[in-house]
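Numbering of residues begins at 1 and proceeds along the displayed sequence.
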Amino acid sequence: MSSSTTTRPFFGLLYLAGVALILDQGLILASSIMPFSPGAAQWRFGAVGLAAGRITPLLLADTAVILAAMWLGHRAVLRTWALLHLVLVAVLLLVLGGFALDAIQVRQQLIPEAQLGMLLGASRVGIMLLAMVIWSVWAGWRMLSLLRSTRPPAQGKRPLIVGQRDSVLTATGHGT
């Protein structure tokens, strides 16, 4: 039994763990921001702050899904996940802009003693959102680059064999 055969189910579990983490974090966030009041700047400011607090577990979940898709060779999942990352970039940039405007509005409503703490908290949220933008751009771009650089051999065609006396490599770069 080869090592790839024995490890394959464990990479399938990464999908499950990643999806479970994403659902869990989404439900935690949804229950934390109830009742919904998107018309209020204070609610939007708080909701974005709470969402930014969920970024670290979501990055772990995202990484688990990407690794599972890469290891298992699920090109459609990688392509879909890459496109979701690139859409997420646009959404995060819009959220970041709205958050900055809400922060200005909320700050003006606070007593002077509370403004510094609010500014520090808002700065952390802004940094986390920017980090997520950078991660999403990088991850989306890398997944698409990987998909372009590792095309599977066409059906019905034999792979190109390039060899030396001691080893043979196929066009995909795997040794035999």
> Could you state the interatomic distance from CG (Leu50) to CD1 (Ile28), rounded to the nearest 0.5 Å?
Replying inline: 11.0 Å
>> What verdict does the side chain to side chain contact (heavy atoms under 4.5 Å, CB included) test give for Leu78 and Trp81, after you've listed the backbone C-alpha separation in whole Å, the side-chain angles of each residue and the deciding distance to 0.1 Å?
In response: CA-CA 5 Å; Leu78 282 172; Trp81 212 245; 5.6 Å; no
> Under 4.5 Å between side-chain heavy atoms, hopping through other hydrophobics if needed: is there a path connecting Leu130 to Leu59?
Replying inline: yes
> Once you round to the nearest 0.5 Å, how far does CZ of Arg54 lie from CG of Leu27?
Replying inline: 11.5 Å
>> Tell me whether Arg148 forms a cation-pi arrangement with Trp141, defined as NZ or CZ under 6.0 Å from the six-membered ring centre and within 45 degrees of its axis.
In response: yes
>> Could you measure the distance from the CE atom of Met118 to the CZ atom of Arg107? Nearest 0.5 Å is fine.
In response: 7.5 Å
> Looking at Leu86 and Gly140, what are the two nearest heavy atoms and their distance?
Replying inline: CD2-CA, 4.3 Å
>> Before you tell me yes or no, could you show the steps for Met70 and Ile66 under side chain to side chain contact (heavy atoms under 4.5 Å, CB included), namely the whole-Å CA-CA distance, both residues' side-chain angles and the distance that decides it to 0.1 Å?
In response: CA-CA 6 Å; Met70 288 173 60; Ile66 292 169; 3.7 Å; yes
> Out of curiosity, does Val91 fall in the hydrophobic cluster containing Val137 (side-chain heavy atoms, cut-off under 4.5 Å, transitive links)?
Replying inline: yes
>> Test your reading of the model: is there a side-chain donor-acceptor pair from Trp135 to the backbone of His85, 3.5 Å cut-off?
In response: no
>> Would you compute the distance between atom CG of Leu60 and atom CD1 of Ile22 and round it to the nearest 0.5 angstrom?
In response: 11.0 Å
> Quick one: does Gln42's side chain have a donor or acceptor within less than 3.5 Å of a partner on Val106's backbone?
Replying inline: no
>> How close do Val133 and Val89 get, counting heavy atoms only, and between which atoms?
In response: O-CG2, 4.0 Å
>> Please check this pair: side chain of Arg75 against backbone of Leu147, looking for a donor-acceptor N/O pair closer than 3.5 Å.
In response: yes
>> For Leu21 versus Ala61, what's the shortest heavy-atom pair and its separation?
In response: CB-CB, 3.5 Å
>> Check this for me: Phe36, atom CZ, are more than 12 non-hydrogen atoms of other residues, nucleotides or ligands nearer than 6.0 Å?
In response: yes
> How many angstroms lie between atom OG1 of Thr63 and atom CG of Leu58, to the nearest 0.5 angstrom?
Replying inline: 10.5 Å
> Atom OG in Ser32, atom CD in Gln25: separation rounded to 0.5 Å?
Replying inline: 9.5 Å
>> Please give me the minimum heavy-atom distance between Gln105 and Ala41, naming the atom from each residue.
In response: OE1-CB, 3.5 Å
> Any idea which heavy atoms bring Val65 and Val19 closest together, and the distance?
Replying inline: CG2-N, 4.4 Å
> Does Ile104 belong to the same Ile/Leu/Val/Met/Phe/Trp/Tyr cluster as Val48, with side-chain heavy atoms less than 4.5 Å apart forming each link?
Replying inline: no
> Parallel under 30°, tilted from 30 to 60°, perpendicular over 60°: which one fits the rings of Phe99 and Phe45?
Replying inline: parallel
>> How close do Leu29 and Ala47 get, counting heavy atoms only, and between which atoms?
In response: CD1-O, 4.1 Å
> Should Met128 and Thr56 be marked as a side chain to side chain contact (heavy atoms under 4.5 Å, CB included) after you check the CA-CA gap, both sets of side-chain angles, and the distance that decides it?
Replying inline: CA-CA 9 Å; Met128 292 303 293; Thr56 303; 4.2 Å; yes
> According to a 4.5 Å side-chain heavy-atom criterion applied to Ile, Leu, Val, Met, Phe, Trp and Tyr, with indirect links allowed, do Ile55 and Ile33 form part of one hydrophobic cluster?
Replying inline: no
